[in-house]
Structures are given as structure tokens and as C-alpha cells.
Amino acid sequence: MSGHNGHSHEGVSDHHNVDQPQQDMGELLQQIMVITEDSLDEAQARKHALNCHKLKPALFSVLCAIKEKTALRVRDVPEEEPPDTQELRLDNMLLAEGVAGPEKSRSATAAALAAATGGSSSDDSSEHADYREKLAQIRMIYHTELDKYEQACNEFTSHVMNLLREQSRTRPISPKEIEGMVSIIHRKFSAIQMQLKQSTCEAVMILRSRFLDARRKRRNFSKQATEILNEYFYSNLANPYPSEETKEELAKKCSITAAQVSNWFGNKRIRYKKNITKFQEEANMYAIKTALDASSHTSQASSPATPNSGEYPASCYTPDGML
DNA sequence: GAGAATGATTAGTC
DNA sequence: GACTAATCATTCTC
């Protein structure tokens, strides 16, 4: 602007010099008004003219150099950050659950469930089928959303890159800056992905807890198992506290877990103690049974009876555990 | 369907 | 950590 009038003002009167800035300002405003009234085509034409100007390459390189020296970078992008531990944890969980990575086989899913529930891995019940079906749904949704995010990220990145490349013709934008912007976009999208991973993990956890609750449904032990447990209980009425080894042994015999054996003995002790008279008949029956078993063993092998078998009459167990 | 029986869970104690 | 006592939730029996 000053190039227009700079030299022509020399030698003009003081009065004129005072008025000159106001006149320049007026012209400037006028030009701005004209620019805003330009059509798109006119603006493009001006832009083209500017790009074709013989001084443009020189001025542009000077601008780039100034920008480089004065560190007038758009945004300083931090170097590669260390992988987020929470994201790693989520990734591992999704991998372990078979949501991410290769799909788990039916047997692998059943085994994982059995490990979580303490049940049998061979139990391919309808509950397992339900669990697998729900897990497959979660997996499908997760991958669909992940693909969407990746596609959106790629589209947005290429759009921004194109814009920046286009703009780099008229303003100094270094490839490093473009790279930095791409990195920012990727970080934003990976934050969204992180949310997706988190909600997927939550969905799996809810599914698991629901499944585990369903597993809590009580199922009576087999008659044979109850008989084995009762036999031990009434044979050891004076001290109905099986050791860990015995619990394991009984658990094996009854095809239940040692924890279930503990529960059973806990319940049995309490209920027996609360109502001895009610259990008297049962106690007598097992006492006779044990005695018969013992006598048959002695007659067969001439060996002594087991330490506890029949040693204490069933009715001798009192709430205090005393004889 | 009601009540009893039974396996599991939980809070408190030692 | 094992155990007791109370309680819950489900299954069994009538």
C-alpha cells in the first residue's frame, strides 16, 4: 500500500502530510471492501496471479527461512510417546477374552470359562453357547467400530494433508509440520479408540459377571456324593473337620471341588448341631452302615477298623464338639 | 404353590 | 485362613 504513495509524498506541505495517513487508511479500507465483494472466481484469479508472481518463489523461501529461524512453528508436536499402560492392559484383556486378535475356538472359550468358574472345561452346556454367542456379538461390534474409526481417521488425515499441501503453496508449511498435524489427528483418533476398547472391556466384564451369576445356580449333589460325604461326617462325628487332604480326596470321590466339600461340611455341622434329634435317624443309619462295612473288612482281611469308623456313636457329638 | 431341603454367600470371630 | 451363624436363592417334595 505504501508502495503506491510512498515517493509521491516527498516535498508536500505539512498540512498535506497530516492528511496523508487518513487518506491511506481510506484507500486500504476501500480495497478490503472490494476484496470482500469479489466473487469466488475473482478471488481464485487473484490467488493465481499471486502464485505466478515472479517474486513469489524468492519471497516464499525467505518466509520459510524466517519461520524456521524464529521457531514460528504452528505447533510443536512432541516426540513419540511411550505406549500407554492402560491401553496395553485393555489390549491384553481384549486379546485374552478373544475379542481382539484371532477368534478363539469353542474349546478354548469353554476352557477359559471353566478356569474362571472353577468348573469343568468339558461342560459344553447351553450356558456356554449363550456366552459364546454374546461374546461373538461384542467381538463383531468391536471390529465394526474399529474399522469405522480407522476409515474415518484415514479419510480425515488425507483430507487435512491435502488442505495443508494446498495451503503450503501460499504460506510456509514444512513437511514436518504436516507430519505433526497427522500425528495430532492420529492421537485424537486413538483416544476415541481407547474409549471403544474401554467400553468393550466393560461389556465383556458385565457378560462374565452375568454368566458367573448364572453358574451360581444351585445344583444338588448326586446321591452318591451326598452318601460319601454323610458317611465321612457320621463316621467322624466327634471331630467332623476333614483335613485339606481329606477334603481333596472326598472332592475327587464326589466329583465336586474341595471348596464345595468345605461348604457341605460347614452347612452339615451347623444343621446337625441345631437339630440333633432330627438327624438322629440318619446318624444311626450311617453308624450301622459303617459298622457293617468295618466288620466285613475285618472278616475279610482281619485288619482293624479305620480310626474313626464307629469309634464314636453318632449321638455323642454335641454342639460343643464334646463327647 | 408352600414348605422343606440344600448349596452358596457373607459378616464376624478366633 | 478356617470356622460359625445367618441368610439367600434355588431345587425338591408333597
Phosphate OP1/OP2 of B:dA4: any A:Lys278 side-chain N/O under 4.0 Å: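 False: A:Lys278 side-chain N/O out of range (4.0 Å or more) of B:dA4 OP1/OP2.
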Phosphate OP1/OP2 of C:dT4: any A:Tyr241 side-chain N/O under 4.0 Å: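 Result: yes.
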Partner set under salt bridge (Lys or Arg N to Asp or Glu O under 4.0 Å) for A:Glu248, not counting sequence neighbours: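 With neighbours one apart ignored, the set is empty.
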Non-neighbouring partners of A:Glu155 that pass salt bridge (Lys or Arg N to Asp or Glu O under 4.0 Å), sequence neighbours left out: none
For A:Lys148, all residues meeting side-chain hydrogen bond (donor to acceptor under 3.5 Å, both in side chains), sequence neighbours excluded: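 Per chain and number, A:Lys148 pairs via side-chain hydrogen bond (donor to acceptor under 3.5 Å, both in side chains) with A:Glu145.
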Measure from [atom1] on [X] to [atom2] on [N] and round the result to the nearest Å.
| X | N | atom1 | atom2 | value |
| --- | --- | --- | --- | --- |
| A:Tyr272 | C:dC3 | OH | P | 19 Å |
| A:Phe221 | C:dT11 | CZ | C1' | 13 Å |
| A:Gln260 | C:dA2 | CD | P | 16 Å |
| A:Lys223 | B:dG7 | NZ | P | 13 Å |
| A:Phe233 | B:dT6 | CZ | C1' | 14 Å |
| A:Asn220 | C:dT13 | CG | P | 8 Å |
| A:Arg219 | C:dC12 | CZ | C1' | 15 Å |
| A:Arg269 | C:dA2 | CZ | P | 12 Å |

A:Glu150 atom CD: more than 12 heavy-atom contacts under 6.0 Å: yes
More than 12 heavy atoms of other groups within 6.0 Å of A:Tyr149 OH: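 Check passes, neighbour count above 12.
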Qualifying residues under ring-ring contact (aromatic ring centres under 6.0 Å, His included), relative to A:Phe279, sequence neighbours excluded: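 Listed in chain order: A:Tyr272.
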ring-ring contact (aromatic ring centres under 6.0 Å, His included) partners for A:Tyr286, two or more places apart: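 Once residues adjacent in sequence are excluded, the partners of A:Tyr286 under the ring-ring contact (aromatic ring centres under 6.0 Å, His included) criterion are A:Tyr234.
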Please list each protein N or O that sits under 3.5 Å from an N or O in nucleotides 6-8 of chain C, with the distance.
from, atom 1, to, atom 2, distance (Å)
C:dT7, O4, A:Arg271, NH2, 3.4

Sugar-phosphate only, base, or nothing, as touched by A:Asn263 at under 4.0 Å among non-hydrogen atoms: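 Base contact.
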Touch class at under 4.0 angstrom, heavy-atom based, for A:Lys268 against every strand present: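 No contact.
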